[in-house]
Amino acid sequence: MEQYAIKGGNPLVGEVEIGGAKNAALAILAAAIMTDETVLIENVPDVRDTNVMMQAMESIGAIIERIDRHTVKISGKAIKDLVIEDDFIKKIRASYYLLGALLGKYNKAQVTLPGGCNIGLRPIDQHIKGFRALGADVRIEHGLIIAEAERLKGGHIYMDVVSVGATIDVMLAAAMAEGQTIIENAAKEPHVVDVANFLNSMGASIKGAGTDVIRIKGVSKLHGTEYTIIPDQIEAGTFMFAAAVTKGDVTVKNVIPKHLESISAKLTEIGCEVEESDDAVRVVAAKPLTHTHVKTLPYPGFPTDMQPQITVALGLSKGTSIVTESIFENRFKYVDELTRMGASIKVEGNTAIIDGVCKYTGASISAPDLRAGAALVIAGLAAEGTTVIDDIKFIERGYEDFDLKLQSLGAQIEKISSERELRKFRLKTG
Ligand code: EPZ
């Protein structure tokens with residue numbers, strides 16, 4: 001089993017290139033099979049989740065050609081099978097996008113119930129409600145979600161919760177439904193807008209993505225396109241907090257600063273300098289960090305996917321901070337691990353009360369999920385001594401070359417897979 005060995009203490013300094021948005025890529029890859037023409041997608045991050053998605057698409061007959069590490073050509077022309085039971089697909093949440101895409105194109109789909117990070121209950125009732133509003137019959141049998149319709153018809157859907165997944169999934173299905181669909185209380189995340197832009201580039205007619213109300217005029221056919229995925233807001237935010245926690249000076253490049261506003265605002269509040277330019281953001285942490293309060297909210301609020309990273313920073317900030325998680329009910333599992341590193345955090349329900357400490361100390365810990373895993377890496381980079389993190393497979397679901405990018409900023413981090421390699425790492429890093 002691979003682990004990360006980290007020797008903390010080096011401030012991160014330099015520039016880092018941010019890759020394509022994983023959560024946009026997952027939906028865009030699925031949507032690419034909605035045409036029989038060829039689609040070229042650029043800036044696809046090479047991470048486990050996108051690779052699993054492409055594997056599942058290939059399992060039903062999609063032809064995927066990798067042009068280079070981040071560019072793929074996809075053809076959905078030869079798709080025959082509308083049943084996705086692939087074992088791997090259970091591991092990713094975004095398998096539900098294949099449901100929306102196949103239902104939209106073929107009026108029928110059967111997909112294994114989605115898995116993904118264990119951060120809460122994660123129901124899919126809003127997806128199902130949306131498909132039913134489009135006239136589909138949806139049922140769950142033998143672990144599969146089965147959705148079918150004679151012909152999808154536009155409908156009016158009010159989402160009871162703001163859901164990124166359900167908004168995108170319904171948008172996919174409705175793109176080829178007959179007539180107009182209106183999604184109210186839609187999610188406004190940058191990746192919702194990116195998926196809408198992608199579908200529009202294939203000939204769909206989607207208006208209002210990025211606002212509360214999305215209007216979709218169904219079209220009978222989608223065509224091929226070439227499209228570049230937006231930069232990953234959360235990867236960027238993770239490096240920004242890594243700079244803050246290690247008292248560093250990092251410029252994250254190839255980003256859309258507007259998408260990072262809530263993250264930049266919190267970093268400024270806790271004492272960092274944040275400089276924005278056209279497609280880069282520089283974070284300088286020259287002063288000691290101070291406490292703040294934060295509540296995770298749907299976009300443009302502070303992202304739940306950045307909650308563990310800000311908690312790690314507040315754990316080292318002077319004073320008492322409060323972090324409230326309002327999206328997922330089980331997203332503080334990493335706090336036990338952080339406590340082993342010396343953090344002083346009490347979790348009550350969906351709130352973490354954090355008393356800042358002066359330092360973390362290295363420990364052997366496990367990554368409980370993707371973002372928490374990345375946050376624990378950041379804690380290790382700031383800690384005194386060596387930290388060893390297990391279960392880095394979670395981190396690899398969503399961060400491409402995380403260790404290499406951190407190394408390029410001066411971090412002492414290595415992927416190891418044996419006690420012998422750990423001993424070597426300890427000898428090397430002193
Ligand atoms: C997406 O998950 C992301 N995953 C998550 O990223 C992210 O944390 C989340 O959006 C919130 O931004 C992908 O894009 C693959 P939701 P999703 O539907 O779509 C409730 C990461 O680390 N809900 O917006 O599953 C749900 O329980 C991850 O990259 C329902 O009640 O999230 C939650 O409380 C992890 N019924 C809230 O809505 C539904 O049918 C928001 O969930 C759907 C959701």
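Indexing begins at 1, ligand by ligand and atom by atom, following the structure's order.
Residue Phe328 places no N or O, backbone or side chain, under 3.5 Å from any N or O of ligand 1. The distance criterion of under 3.5 Å between nitrogen or oxygen atoms is met by Arg371 with respect to ligand 1. Checked by distance only, ligand 1 and Glu189 stay at 3.5 Å or farther apart across all their nitrogen or oxygen atoms. Below 3.5 Å of separation, one finds an N or O of Gly165 facing an N or O of ligand 1. Taking only nitrogen or oxygen atoms, main chain and side chain alike, Leu370 does not reach within less than 3.5 Å of ligand 1. Checking only distances, Ile327 does come within under 3.5 Å of ligand 1, N or O to N or O. Taking any N or O of Thr304, backbone or side chain, none lies under 3.5 Å from an N or O belonging to ligand 1.
Contact check for Tyr4 versus Thr387: no side-chain heavy atoms found under the 4.5 Å cut-off. A 4.5 Å side-chain heavy-atom check between Val213 and Ile183 finds every atom pair outside the cut-off. Counting heavy atoms from C-beta outward, His70 and Glu400 have side chains that approach closer than 4.5 Å. Using a 4.5 Å cut-off on side-chain heavy atoms (C-beta onward), Glu275 and Val281 make no contact.
Not a single heavy atom of Gly398 sits less than 4.0 Å from an atom of ligand 1. Put simply, part of Lys22 is less than 4.0 Å from ligand 1, judged by heavy atoms. The closest approach between any non-hydrogen atom of Met159 and ligand 1 is not below 4.0 Å. Residue Tyr299 places no heavy atom under 4.0 Å from ligand 1.
Near His127, the atoms of ligand 1 lying under 4.0 angstrom from a non-hydrogen atom of the residue are 40 (O). The distance from ligand 1 to the heavy atoms of Ile124 drops below 4.0 Å at these ligand atoms: 39 (C), 40 (O).
When non-hydrogen atoms are compared, ligand 1 lies under 4.0 Å from the side chain of Arg93 (C-beta onward) but not from its backbone. Contacts with ligand 1 closer than 4.0 Å are made by backbone heavy atoms (N, CA, C, O) of Val162 only, the side chain lying farther away. For Phe394, no heavy-atom contact with ligand 1 is shorter than 4.0 Å.
How far CD1 of Ile229 is from CD1 of Ile28: 4.5 Å, rounded to the nearest 0.5 Å.
For the side-chain hydrogen bond (donor to acceptor under 3.5 Å, both in side chains) with Arg331, the lone residue among Thr304, Asp369, Asn350 that qualifies is Thr304.
Between the side chain of Asp169 and the backbone N or O of His127, no donor-acceptor pair lies under 3.5 Å.
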